[in-house]
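See structure below.
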Protein chains: 2
Amino acid sequence: MPLYTAGSLKSELNDRGWRLTPQREVILHVFQNLARGKHLSAEDLYNLLQNEGEQISLSTIYRTLKLMARMGILRELELAEGHKHYEINQPYPYHHHHLICVRCNKTIEFKNDSILKTGTKTAKKEGYHLLDCQMTIHAVCPTCQRALLPI
Amino acid sequence: MPLYTAGSLKSELNDRGWRLTPQREVILHVFQNLARGKHLSAEDLYNLLQNEGEQISLSTIYRTLKLMARMGILRELELAEGHKHYEINQPYPYHHHHLICVRCNKTIEFKNDSILKTGTKTAKKEGYHLLDCQMTIHAVCPTCQRALLPI
DNA sequence: CTGCTTATTGCGAATCTTATTTAATAAGCA
DNA sequence: TGCTTATTAAATAAGATTCGCAATAAGCAG
Ligand SMILES: [Mn+2]
Ligand SMILES: [Mn+2]
Ligand SMILES: [Zn+2]
Ligand SMILES: [Zn+2]
């Protein structure tokens with residue numbers, strides 16, 4: 001899980017016969033400058049770029065998010081039903097995990113260094129090349145516990 | 001994360017004003033008797049039941065899987081793109097986690113007791129009612145590493 | 001710097017999973 | 001045993017993501 005710059009992204013892409021496009025650079029930049037604790041869906045990213053005057057099609061957004069997740073640059077998160085969220089994939093000491101309320105989707109980030117260690121060790125043991133490891137806690141938040149039993 | 005029987009499922013449902021139906025009982029039974037390491041998608045479950053002569057509609061399958069996941073009876077897993085997989089949610093010592101190849105979806109289960117401990121502690125600290133906690137490692141398996149660079 | 005190859009983009013249309021609507025059914029309970 | 005209403009099946013809709021294709025432009029060789 002290295003930290004990417006526009007330059008290192010370009011070389012990693014070119015090494016595989018792929019290309020660095022302005023769209024990819026812009027999207028990486030958005031995630032690199034996203035506030036801690038923020039997570040973007042494809043639609044979120046699309047709207048954010050629209051508001052900044054960047055014209056990147058939704059198709060390209062989807063393709064780029066998938067590509068960068070497969071490269072280990074972004075993390076793909078299941079924070080809500082029906083669509084994915086993304087954030088930059090950072091190593092220690094920024095590596096963190098998520099506690100999610102399954103009813104209202106309120107999300108709390110937490111850290112635990114032993115998880116990344118376990119992930120690294122387990123992947124290595126099986127000969128896998130690690131891209132990301134994440135712990136997800138599904139639970140019901142205090143507010144939703146008090147609400148009267150809707151599922 | 002208690003272990004459910006048809007009886008305890010019924011009381012937990014009835015306590016909330018809900019009902020135990022034959023469909024729900026059948027679906028719980030399938031997951032309770034599923035071989036270790038097996039994970040079912042909604043479609044998988046539907047086909048499995050069809051082959052056993054059980055007529056349960058796909059709508060009911062989806063509703064039941066969601067309900068049981070929200071109750072903490074089943075775990076919802078992201079083992080492949082585009083659809084979820086489910087397995088029974090078991091406590092220590094059966095509690096386990098998943099290492100997934102993002103290219104071919106080959107999945108390996110592994111255990112690590114400290115994860116459930118961390119999940120329990122973190123949920124408690126925030127006042128959340130724990131349903132499930134899981135660690136997911138995204139990686140590229142040895143076979144896919146050798147394959148020539150398709151994403 | 002120039003031209004060529006082909007990866008990538010944007011657009012629209014398609015796909016596919018999951019949710020919803022509705023009438024019929026049946027679980028729980030008095 | 002009868003009543004209330006949660007649940008079902010089936011058809012339909014919704015919504016996220018992917019795909020096909022023509023136009024564009026990144027990388028590279030000359
Ligand atoms: Mn996060
Ligand atoms: Mn499993
Ligand atoms: Zn909540
Ligand atoms: Zn693989």
Side-chain angles (χ1 to χ4, degrees), chain A residues 6-7 9-28 39-47 49-50 54-71 74 76-86 102-103 105 148-151, chain B residues 6-7 9-28 39-47 49-50 53-71 74 76-86 102 105 148-151:
Chain A
L9 174 60
K10 175 165 165 52
S11 42
E12 180 139 345
L13 287 167
N14 291 351
D15 286 353
R16 307 191 195 195
W18 301 337
R19 298 172 185 178
L20 179 62
T21 63
Q23 290 88 340
R24 287 174 180 178
E25 211 165 335
V26 164
I27 291 173
L28 176 63
H39 310 99
L40 299 181
S41 67
E43 194 97 22
D44 290 340
L45 177 56
Y46 180 75
N47 293 330
L49 291 171
Q50 291 284 314
E54 292 282 353
Q55 276 297 350
I56 301 184
S57 75
L58 203 50
S59 297
T60 297
I61 303 264
Y62 274 107
R63 276 184 300 236
T64 304
L65 291 174
K66 188 169 194 168
L67 176 76
M68 290 186 175
R70 295 289 186 100
M71 292 175 74
L74 298 180
E76 207 167 66
L77 307 170
E78 301 291 333
L79 302 181
E81 293 282 325
H83 59 277
K84 301 184 177 77
H85 283 85
Y86 295 83
V102 298
R103 298 198 193 162
N105 294 328
L148 32 178
L149 35 121
I151 291 203
Chain B
L9 173 61
K10 175 166 166 53
S11 41
E12 179 138 344
L13 287 167
N14 291 351
D15 286 353
R16 307 191 194 195
W18 301 338
R19 298 173 185 178
L20 178 62
T21 62
Q23 291 88 339
R24 289 174 177 175
E25 209 166 336
V26 164
I27 290 174
L28 176 63
H39 310 100
L40 299 181
S41 67
E43 192 97 22
D44 290 340
L45 177 56
Y46 180 74
N47 292 331
L49 291 172
Q50 289 286 314
E54 292 282 354
Q55 278 295 351
I56 302 185
S57 75
L58 203 49
S59 297
T60 298
I61 302 264
Y62 275 108
R63 275 184 301 238
T64 305
L65 291 174
K66 187 169 195 169
L67 177 77
M68 291 187 175
R70 295 288 186 99
M71 292 176 74
L74 298 180
E76 206 167 67
L77 306 170
E78 302 291 332
L79 302 180
E81 294 281 324
H83 59 275
K84 301 185 176 77
H85 283 85
Y86 296 83
V102 297
N105 294 327
L148 33 177
L149 34 122
I151 292 200

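Below, all heavy atoms of this structure are taken into account, side chains as well, without hydrogens, waters or symmetry copies. Residue numbers start from 1 in every chain, and the chains themselves are labelled A, B, ... in the order their sequence lines are given, proteins ahead of strands.
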Check your understanding: With a non-hydrogen cut-off below 4.0 angstrom, is B:R24 in contact with a base, only sugar-phosphate, or nothing?
Key -> sugar-phosphate
Study note, to complete from the structure: note: A:L65, atom CG; D:dA16, atom C1'; distance rounded to Å ~ 13 Å
Check your understanding: When only distance counts, do a donor and an acceptor, one from the side chain of B:R19 and one from the base of D:dT5, lie under 3.5 Å apart?
Key -> yes
Check your understanding: Between B:M71 and B:R16, is any pair of side-chain heavy atoms under 4.5 Å apart?
Key -> yes
Review point. Counting side-chain heavy atoms from C-beta on, which of D:dA26, D:dA16, D:dT7 comes nearest to B:T21?
Key: D:dT7
Check your understanding: Counting any heavy atom closer than 4.0 Å, what does B:S59 reach on the DNA or RNA strands: base, sugar-phosphate only, or nothing?
Key -> base
Exercise for review: Measure the shortest side-chain to side-chain distance between B:I61 and B:L49 over non-hydrogen atoms and say whether it is less than 4.5 angstrom.
Suggested key: yes
Check your understanding: Between C:dT17 atom P and B:H85 atom NE2, what is the distance in whole Å?
Key -> 11 Å
Check your understanding: Atom CG of A:L9 to atom C1' of C:dT8: distance rounded to whole Å?
Key -> 14 Å
Review point. What's the CD-C1' distance between A:E25 and C:dT8, to the nearest Å?
Key: 15 Å
Exercise for review: Could you tell me whether the phosphate oxygens of C:dT18, OP1 or OP2, come under 4.0 Å of any side-chain nitrogen or oxygen in B:Y62?
Suggested key: yes
Review point. Would a distance-only check, ignoring hydrogens and angles, find a side-chain to backbone donor-acceptor pair under 3.5 Å from B:R24 to B:R19?
Key: yes
Check your understanding: Within the structure, does a side-chain N or O atom of A:Q55 lie under 4.0 Å from either OP1 or OP2 of C:dT9?
Key -> no
Point to revise | Selection from C:dT18, D:dT7, D:dT17 that lies nearest to any side-chain heavy atom of A:A42 | key: D:dT17
Check your understanding: Is the closest side-chain heavy-atom distance between A:L79 and A:N105 below 4.5 Å?
Key -> no
Point to revise | Check: B:H83 and B:E43 side chains under 4.5 Å, non-hydrogen atoms | key: no
Check your understanding: D:dA26 phosphate, OP1 or OP2: any side-chain N/O from A:K10 under 4.0 angstrom?
Key -> no
Review point. Of the candidate nucleotides C:dT17, D:dT18, D:dT8, which contains the atom at the shortest distance from the side chain of B:Q23?
Key: D:dT8
Check your understanding: Whole-Å distance between D:dT7 P and B:L67 CG?
Key -> 8 Å
Check your understanding: Which angle, rounded to 10°, do you find between the first-five-pair axis and the last-five-pair axis of the helix from C:dC1-D:dG30 to C:dA30-D:dT1?
Key -> 50°
Check your understanding: So what does B:I56 hit on the nucleic acid, given a heavy-atom distance under 4.0 Å: a base, only sugar-phosphate, or nothing?
Key -> sugar-phosphate
Check your understanding: Roughly, in whole Å, what's the span from CG in B:N14 to P in C:dG28?
Key -> 5 Å
Exercise for review: Send over the distance from A:E43 CD to D:dG15 P, rounded to a whole Å.
Suggested key: 11 Å
Review point. So do B:Q50 and B:Q55 actually touch side chain to side chain, heavy atoms under 4.5 Å?
Key: yes
Review point. Hey, does A:Y86 have a side-chain heavy atom less than 4.5 Å from the side chain of A:E76?
Key: yes
Check your understanding: At under 4.0 Å, does any side-chain N or O of B:S57 touch on OP1 or OP2 of D:dT8?
Key -> no
Practice item. May I ask you to verify if any side-chain N or O of B:K66 is less than 4.0 angstrom from the OP1 or OP2 atom of C:dA19? Key: yes
Point to revise | Atom-to-atom span, CG of B:L58 to P of C:dT17 - whole angstrom | key: 10 Å
Practice item. For residues A:E12 and A:L9, determine if any side-chain heavy atom of one lies less than 4.5 Å from a side-chain heavy atom of the other. Key: no
